[in-house]
Undergrad: 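This structure is in structure tokens; I'll ask about it shortly.
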Amino acid sequence: MKTVLGCIADDFTGATDLAGLLARSGVQVSLRIGVPSDPPSDPSAFEVIALKSRTAPVAEAVAETRAALKWLKAAGAQRFFWKYCSTFDSTPEGNIGPVAEALMADLGTDQTIYCPAFPENGRSIFMGNLFVGQQLLAESPMKDHPLTPMRDSNLMRLLAPQVTRSVGLADRLTVAQGAEALRNKLAQLKAEGIAHVVVDAVANSDLEVIAEACRDMPLMTGGSAVAMPLPALYLADGTLSADAPKAKAPRLSPETIVLSGSCSAMTNRQVADYMRRGAPAFQLDPLALAENGAQEALDWLAEQDLTAAPLIYATATPEKVKAAQAKLGIAAAGEIVEATLSACAVAARDAGARRVIVAGGETSGAVTKALGVSQLDVGAEIAPGVPWTYCQSDGHQIALTLKSGNFGAETFFTDAQKILEAA
Ligand SMILES: Nc1ncnc2c1ncn2[C@@H]1O[C@H](COP(=O)(O)OP(=O)(O)O)[C@@H](O)[C@H]1O
Ligand SMILES: O=C(O)[C@@H](O)C(=O)COP(=O)(O)O
């Protein structure tokens with residue numbers, strides 16, 4: 001089969017988010033960790049390549065994304081999707097714009113759209129301003145993100161310094177008039193030399209209009225939700241034929257490990273909820289880790305009954321995160337936590353854990369790499385944008401879920417376990 005849509009995500013939770021939303025329509029979605037070293041053989045209609053490039057130096061992010069594009073082109077794809085965070089997370093240098101411009105140059109296209117909206121998770125865009133629930137992005141807890149604090153809510157202002165060509169807006173008033181009106185607006189903006197168009201969306205119905213209007217663009221960019229309508233559009237016009245039914249979820253033994261490196265407001269609530277329910281839990285302190293290493297955590301883990309699904313977490317309040325970063329540096333504090341959680345993941349797997357729940361995008365990238373996972377099949381959705389996936393790790397089949405910091409209900413860690421039981 002030829003790939004119909006080639007997708008590249010800038011982090012691993014983002015990649016499973018996108019793969020999960022595409023798979024809602026019943027199509028097969030293949031998710032690969034990093035650019036495969038082998039050329040494509042029998043690729044899926046929807047291929048998602050997960051990179052860990054969100055906070056990488058710009059040149060590195062651009063080079064990796066171009067390599068992913070090349071692989072997806074070899075898989076037969078003619079349309080591409082660049083997935084970044086629904087809260088438009090980027091460092092001050094910013095990878096979203098340079099990556100988009102590099103992809104546009106490689107694809108020989110003059111215009112793309114930017115739509116991080118994800119209404120089911122409360123992300124909406126109005127007049128180019130991104131909201132998280134009822135708050136502007138820069139007034140939401142994203143202002144305190146440990147690696148990518150978001151201090152402006154206006155997508156045009158965030159994007160403009162990251163790109164060389166002009167930025168414009170197709171606002172909600174246009175989107176509300178339907179796909180043809182949006183296509184006309186995009187054409188008008190293109191004639192004015194606008195290469196980068198932020199598109200407003202506040203509801204799933206807006207995303208359907210945008211997907212319909214932009215489905216044949218060589219490159220679309222956004223959060224996962226604007227890609228969600230694409231499989232149904234491609235099935236309806238015969239670009240894609242209906243897939244064989246999906247394989248049943250494998251039965252895996254109940255040993256479980258929960259690892260949380262996200263410090264988002266939602267993950268803080270999820271960790272507290274899980275502990276209130278009596279889950280065994282071990283807290284990592286970056287300062288203690290810097291001094292004494294990971295052994296204490298590994299010793300604690302070795303004593304746990306993994307059928308009780310123990311939790312190891314570095315999740316902390318913004319004040320505690322800032323204090324650790326002030327002493328260790330932002331990158332070093334993050335790295336030491338990621339390395340420890342990765343070591344715990346490997347130790348838990350070696351001790352028999354076959355169900356692995358990870359919270360945090362960067363954290364998920366580190367843990368997935370440590371587990372040596374290269375390809376994931378998408379399973380049941382636990383919460384909007386967070387599916388279970390199945391993969392191989394060191395010769396064992398495991399279920400792995402990678403939760404974006406902000407996603408999931410307060411009961412996420414127990415929800416995940418219940419959904420796997422029912423799958
Ligand atoms: N207590 C802490 N102090 C400092 N940094 C931390 C702490 N706990 C986690 N981190 C780091 O914060 C970052 C959180 O990012 P990430 O895993 O992407 O979560 P999210 O999905 O919420 O963005 C990671 O690099 C993680 O290692
Ligand atoms: O689009 C989203 O919000 C997510 O898919 C995502 O990218 C989340 O990133 P993290 O919060 O760093 O997990």
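When a ligand or atom number is given, it counts from 1 through the structure's own listing order. These numbers were taken from a predicted model, which means no experiment stands behind them.
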Undergrad: Counting N and O atoms only, with roles assigned by atom type, does the side chain of Q111 sit under 3.5 Å from a partner on the main chain of I194, one being a donor and the other an acceptor?
TA: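 Between the backbone of I194 and the side chain of Q111 there is a qualifying donor-acceptor contact (under 3.5 Å).
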Undergrad: Say whether D17, considering both its backbone and side-chain N or O atoms, lies within less than 3.5 Å of an N or O atom on ligand 2.
TA: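 For ligand 2, there is an N or O atom that lies under 3.5 Å from one belonging to D17.
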Undergrad: Could you tell me whether S404 and ligand 2 have an N or O pair separated by under 3.5 Å?
TA: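 Yes, at least one N or O pair falls under 3.5 Å.
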Undergrad: When you measure from atom 19 (O) of ligand 1 to each heavy atom in G360, G334, A339, which option holds the nearest one?
TA: G360
Undergrad: Would you mind finding which of C263, S260, P141, S264 brings a heavy atom closest to atom 7 (C) of ligand 1?
TA: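 Nearest heavy atom to atom 7 (C) of ligand 1 lies in C263.
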Undergrad: Would you mind checking if R355 and E421 are paired as a salt bridge, meaning a charged N to carboxylate O distance below 4.0 Å?
TA: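 Looking at R355 together with E421, the answer is yes, because their closest N to O distance falls below 4.0 Å.
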Undergrad: May I ask you to check whether A324 has an N/O atom sitting below 3.5 Å from an N/O atom of ligand 1?
TA: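 No, since none of the N or O atoms of A324 sits under 3.5 Å from an N or O of ligand 1.
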Undergrad: Does at least one non-hydrogen atom of L147 fall below 4.0 angstrom from an atom of ligand 1?
TA: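 Under 4.0 Å: yes for L147.
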Undergrad: So, regarding E338 and ligand 1 (criterion: nitrogen or oxygen to nitrogen or oxygen, under 3.5 Å), is there a contact or not?
TA: yes
Undergrad: So if I count the atoms of ligand 1 from 1 in the order they appear, which ones are less than 4.0 Å from some heavy atom of V337?
TA: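 Those atoms are 9 (C), 27 (O).
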Undergrad: Please check if the side chain of S90 supplies one atom and the backbone of N95 the other of a donor-acceptor pair under 3.5 Å.
TA: no
Undergrad: Quick one: does T13 get an N or O within less than 3.5 Å of an N or O on ligand 2?
TA: yes
Undergrad: Hey, does T363 come in under 3.5 Å of ligand 1, counting only N/O atoms on both sides?
TA: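 Indeed, backbone or side chain, T363 has an N or O that close.
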Undergrad: Could you identify the single nearest non-hydrogen protein atom to atom 22 (O) of ligand 1 and state the distance to 0.1 Å?
TA: S262 OG, 2.7 Å
Undergrad: Tell me whether H145 has any N or O atom under 3.5 angstrom from an N or O of ligand 1.
TA: yes
Undergrad: Just need the protein heavy atom nearest to atom 3 (O) of ligand 2, so name the residue and atom and give the distance.
TA: S86 OG, 2.5 Å
Undergrad: Heavy atom under 4.0 Å from ligand 1: found in A316's side chain, backbone, both, or neither?
TA: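 The answer is the side chain of A316.
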Undergrad: OG1/T401 to CZ/F412 distance, rounded to the nearest 0.5 angstrom?
TA: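 It comes to 4.0 Å.
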Undergrad: So is F118 touching ligand 2 or not, going by heavy atoms under 4.0 Å?
TA: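 No heavy atom of F118 comes that close to ligand 2.
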Undergrad: Can you tell whether the side chains of R165 and E101 come within less than 4.0 Å, N to carboxylate O?
TA: no
Undergrad: Need the ligand 1 atom indices (1-based, order shown) with element for anything under 4.0 Å from a heavy-atom of P286.
TA: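 Ligand 1 atoms under the 4.0 Å threshold to P286: 1 (N), 2 (C), 3 (N).
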Undergrad: Is there a heavy atom in K320 that sits closer than 4.0 Å to ligand 1?
TA: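 In this structure, K320 fails to qualify as a contact of ligand 1 - no heavy atom is under 4.0 Å.
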Undergrad: Using the side-chain contact (heavy atoms from CB on, under 4.5 Å) definition, which of the options F80, F81, W82 pairs with L103?
TA: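 It is W82, the one option of F80, F81, W82 that forms the side-chain contact (heavy atoms from CB on, under 4.5 Å) with L103.
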Undergrad: N121 side chain to P384 main-chain N or O, any donor-acceptor pair under 3.5 Å?
TA: yes
Undergrad: Does the distance from a Lys or Arg side-chain N to an Asp or Glu carboxylate O, for R277 and D273, drop under 4.0 Å?
TA: yes
Undergrad: Output yes when the distance from some N or O of ligand 2 to some N or O of G223 is under 3.5 Å, and no in every other case.
TA: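 N/O-N/O distance under 3.5 Å: no.
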Undergrad: So does A203 get a backbone contact from the side chain of D206, meaning a donor-acceptor N/O pair under 3.5 Å?
TA: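 Yes: the side chain of D206 pairs with the backbone of A203.
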Undergrad: Other residues, nucleotides and ligands only: do more than 12 of their heavy atoms fall within 6.0 Å of CZ on R66?
TA: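 No.
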Undergrad: Among all protein heavy atoms in this structure, tell me which lies nearest to atom 26 (C) of ligand 1, with the distance rounded to 0.1 Å.
TA: G261 O, 3.5 Å
Undergrad: Please check whether A314 reaches ligand 1 - meaning an N/O of the residue sits under 3.5 Å from an N/O of the ligand, judged on distance alone.
TA: yes
Undergrad: Would E362 count as a polar contact of ligand 1, with the cut-off being nitrogen or oxygen pairs under 3.5 Å?
TA: yes
Undergrad: At less than 4.0 angstrom from any non-hydrogen atom of K83, what atoms of ligand 2 do you find?
TA: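 Answer for ligand 2: 1 (O), 2 (C), 4 (C), 5 (O), 6 (C), 7 (O).
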Undergrad: Over 60° means perpendicular and under 30° means parallel, so classify the ring planes of F46 and Y234, tilted if in between.
TA: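 Rings of Y234 and F46: parallel, as their planes differ by under 30°.
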Undergrad: Is it the side chain (CB and beyond), the backbone, both or neither of R54 that lies under 4.0 Å from ligand 2, heavy atoms counted?
TA: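 Under 4.0 Å from ligand 2, R54 contributes side-chain atoms alone.
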Undergrad: Between D144 and K322, does any side-chain N to carboxylate O distance fall below 4.0 Å?
TA: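 Counted as a salt bridge, because a side-chain N and a carboxylate O are separated by less than 4.0 Å.
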Undergrad: Establish, yes or no, whether a centroid distance under 6.0 Å links the rings of Y313 and F413.
TA: no
Undergrad: Among L189, V197, L159, which one satisfies side-chain contact (heavy atoms from CB on, under 4.5 Å) with V167?
TA: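 Of the listed options, the one satisfying the test is L159.
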Undergrad: Provide the number and element of each atom of ligand 2 under 4.0 Å from a heavy atom of D11.
TA: 7 (O), 9 (O), 10 (P), 12 (O), 13 (O)
